[in-house]
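Ligands are counted one by one from 1 in listed order, and the atoms in each one are counted from 1 as well.
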Amino acid sequence: MCGIIGYIGNRGAVDVVIEGLKSLEYRGYDSAGVAYSKGGHIDVKRCEGRIRNLEMVIDKSECDSRVAIGHTRWATHGRPSVNNAHPHRSGSVVMVHNGIIENYTEIRNIFENDGYEFSSDTDTEALCHLIEKSNRDSDIEGAVLNSIKEIKGSYAIAVMSERSPDRIVCVRKDSPLVLGIGDEEYFVASDVPAFLSYCNKVIFLENDEMAVLSSDGVEIRDLHGARIFRNAETINWTPSMAEKGGFRHFMLKEIYEQPRAISDTLRGRYSNESGDVVLHEFGLEESMVRDINKIFIVACGTSWHAALIGKYFIEDLAGVPVEVDIASEFRYRGALVGNRDLFISITQSGETADTLAAQREAKRLGAHTLSICNVVGSSSTREADAVFYTHSGPEIGVASTKAFTTQIVSLYLLAIAFGKLRGKIDDERSRQLLNDLLELPGRIESVFSSEETIKEIAKAFFKADDFLYLARGILYPVALEGALKLKEISYIHAEGYPAGEMKHGPIALVDETLPAIFIISGDVLYDKMVSNINEVKSRGGKTVVISDGCRDDIKKLSDYCLEIPHTNKYLAAVMSTVPLQLLAYHIGVLLGCDVDQPRNLAKSVTVE
Ligand code: AGP
């Protein structure tokens, strides 16, 4: 996610803002910028890449400003570039933004028809022009309030105007902003670390609230202008803890971010009215989708597990045959790819060498290429014919968590869109599938209340030498993912296996030291799974069941039975992943492993 910081007080504002942006670097970014008032004018400096590049374009001797805002950008619309970096300017107004403005293209079209020339590809610039236009007839507070009524989506913004250079106006909806209350100095930021070295008294701005920072202090108002009085809280985190939002590790923070990441990935991609999936940025001709002969989904590691799940979605909902390959295998197997085929690469980083090579090979063979990716402007997205971004925000932990679940959600949306385009599913079915998806973030939140039980399971088995993860159907790739998470984080060997296949070999591993993790859904071959649990139990194995219904027949056979919320048979793959992520995390912590940066692993494998 992007990072925002604003300062007003008696220190050098540019220095405070630059240091604050450095404290937000952990959030991941690809460009940065700062705006500061200078003799009634507002100067803006921006750069691509790291903050040190920004410092190289600022002459600090020039800027003794006491008011400034800054931004680190994690691109969601428009590639990383100076023009797309924030702050954005429109006339006398300058602003920074974190979030996604869903209707920016409509707003942009209106302004372009009025003769405006946009200097960036961002959604933010459209909002900046709205505010500037309104600021001609009202104060900056009124201009901000008027403008946010015109936009849909999520936003946290900080705005300055040359008409009132002594203040910073902020407002938020579904994207965080926190205020720092210092000694005659005031801060606004996306996250506490940005100003924790200066002050630890904070007020968290709530949705649909506006804050105005001036040398007189901080005023909070609702969107009708009524004052809101709220006491400041004291933050007792260390800066390192603050970077992780109070979580012990980035991995745990990112597991907990999944409801928000899924909501952000959904945002702007469905119509409540029609129940349709709306893929603006789709980039594939509808006629081509209708004419697809076969789909190849190719990836590595966790992303390959998402690909395996996507096969079930697309074949079931869109009726298109799907082949799934591990990228390093696809590129050498002489796949029979034709020009009516669609090749989908799934890659969090967009830079995985094997996936890039497979994508290039498919393109050479004539396939249309679509990249499902989390990093705007990465190689995979630049080379593909079409891109579907997962808006999970930067994933810092090496072990992929929120990227995986947002990949699954993206494949689910694509399968619905394809199914509608190819006449395989009707409006009613589409609406039901979408409703199930809209309920998913809330259901995942409720899984977190089982974390103590998951910790107990981790304590019971963290000394085991080997784990089996067993499931069937669409949950089999979840078993693979659960095993991979455990291997990566705890260095314990673990194997994901189709439960029906266990008797053909792996059952020889079963004894009283072996924990077998069963992932079960009432909608997916339930009775068969019960007999598989029995096969392990009857040989003395330890049984842990993750199920959306711990019925008596399962409870009798389980050493631990963790019940998770029910959802449809497709999204059960997301729901059942979350406890497995937490189990791997807690076992890794109990073993004292470096769960954010496990040994031998890289976040992006950019070599063959
Ligand atoms: C997952 O936890 C691992 N970090 C790894 O398997 C990863 O999924 C794989 O390297 C693919 O990375 P990508 O999604 O960036 O292409």
Side-chain angles (χ1 to χ4, degrees), residues 28 74 249-255 257-258 261 265 297-310 324-331 343-360 362 369-384 387-411 469 477-492 494 496 577-578 580-585 587-588 593-608:
W74 168 265
H249 297 101
F250 281 114
M251 180 180 175
L252 187 59
K253 177 170 176 272
E254 288 156 6
I255 289 170
E257 280 179 345
Q258 289 180 116
T265 299
I297 315 181
V298 175
C300 299
T302 287
S303 300
W304 174 64
H305 299 151
L308 291 170
I309 292 167
V324 175
D325 281 274
I326 286 174
S328 52
E329 291 298 311
F330 176 85
R331 53 190 300 204
F343 176 97
I344 301 177
S345 51
I346 303 177
T347 169
Q348 188 284 132
S349 63
E351 301 299 345
T352 299
D354 287 325
T355 306
L356 285 176
Q359 182 177 304
R360 288 165 187 154
T369 54
L370 166 66
S371 173
I372 296 178
C373 185
N374 194 41
V375 180
V376 174
S378 57
S379 301
S380 172
T381 64
R382 289 201 309 275
E383 296 175 22
V387 182
F388 191 102
Y389 283 116
T390 54
H391 292 149
S392 75
E395 190 174 64
I396 312 296
V398 166
S400 190
T401 49
K402 61 180 181 173
F404 176 62
T405 47
T406 52
Q407 287 166 352
I408 297 174
V409 163
S410 302
L411 287 158
Y469 286 71
V478 175
L480 294 173
E481 174 59 11
L484 177 61
K485 283 285 103 37
L486 185 68
K487 277 183 275 198
E488 285 189 286
I489 298 303
S490 68
Y491 318 142
I492 296 173
T577 294
V578 178
L580 300 180
Q581 295 168 339
L582 289 169
L583 179 63
Y585 170 79
I587 289 177
C593 297
D594 182 352
V595 293
D596 280 337
Q597 293 176 325
R599 68 186 183 197
N600 309 338
L601 289 179
K603 184 59 189 168
S604 177
V605 183
T606 56
V607 294
E608 262 206 62

* **Any N/O pair T352/ligand 1 closer than 3.5 Å** => yes
* **S490: partners by side chain to side chain donor-acceptor pair (under 3.5 Å), with sequence neighbours left out** => none
* Structure fact -> If you scan protein heavy atoms around atom 7 (C) of ligand 1, the nearest is T302 N, 4.1 Å
* To do: Flag G350 as yes when one of its N or O atoms lies below 3.5 Å from any N or O atom of ligand 1, and as no otherwise.
  => no
* To do: Indicate yes or no: at least one non-hydrogen side-chain atom of V376 is less than 4.5 angstrom from one of W74.
  => no
* Report the part of E351 (side chain from C-beta onward, or backbone N, CA, C, O) that has a heavy atom under 4.0 Å from ligand 1; answer both or neither where that applies. => neither
* Using a strict 4.0 Å cut-off to heavy atoms of A399, name the atoms of ligand 1 that fall inside it. => 2 (O)
* To which protein heavy atom is atom 3 (C) of ligand 1 closest, and what is the distance rounded to 0.1 Å? -> E488 OE2, 3.0 Å
* State the CD1-CG distance between I344 and L370, to the nearest 0.5 angstrom. => 5.0 Å
* Asked: Which ligand 1 atoms are under 4.0 Å away from a heavy-atom of K485?
  -> 1 (C), 2 (O)
* Output yes when the distance from some N or O of ligand 1 to some N or O of Q348 is under 3.5 Å, and no in every other case. => yes
* Structure fact -> Atoms of ligand 1 under 4.0 Å from any heavy atom of S400, numbered from 1 in the order shown, are 1 (C), 2 (O)
* Structure fact -> atom 9 (C) of ligand 1 has as its nearest protein heavy atom C300 O, 3.8 Å
* What's the shortest heavy-atom distance between G301 and L484, and which atoms? -> C-CD2, 4.1 Å
* Indicate yes or no: at least one non-hydrogen side-chain atom of Y491 is less than 4.5 angstrom from one of P598. => yes
* To do: For atom 10 (O) of ligand 1, grab the closest protein heavy atom and report residue, atom and distance to one decimal in Å.
  => V605 CG2, 4.0 Å
* To do: Let me know which of Q258, E254, K485, E481 forms a side chain to side chain donor-acceptor pair (under 3.5 Å) with Q581.
  => Q258
* Asked: How far is atom 14 (O) of ligand 1 from its nearest protein heavy atom, and which residue and atom name does that atom have?
  -> S303 OG, 2.6 Å
* Only one of Q407, Q348, H305, E395 passes side chain to side chain donor-acceptor pair (under 3.5 Å) with S400; say which it is. => E395
* Asked: Among protein heavy atoms, which lies nearest atom 4 (N) of ligand 1, and at what distance?
  -> V398 O, 2.9 Å
* Output yes when R599 and D594 qualify as a salt bridge under the 4.0 Å nitrogen-oxygen rule, no when they do not. => no
* **Closest non-hydrogen atom pair, S410 against T406** => OG-O, 2.7 Å
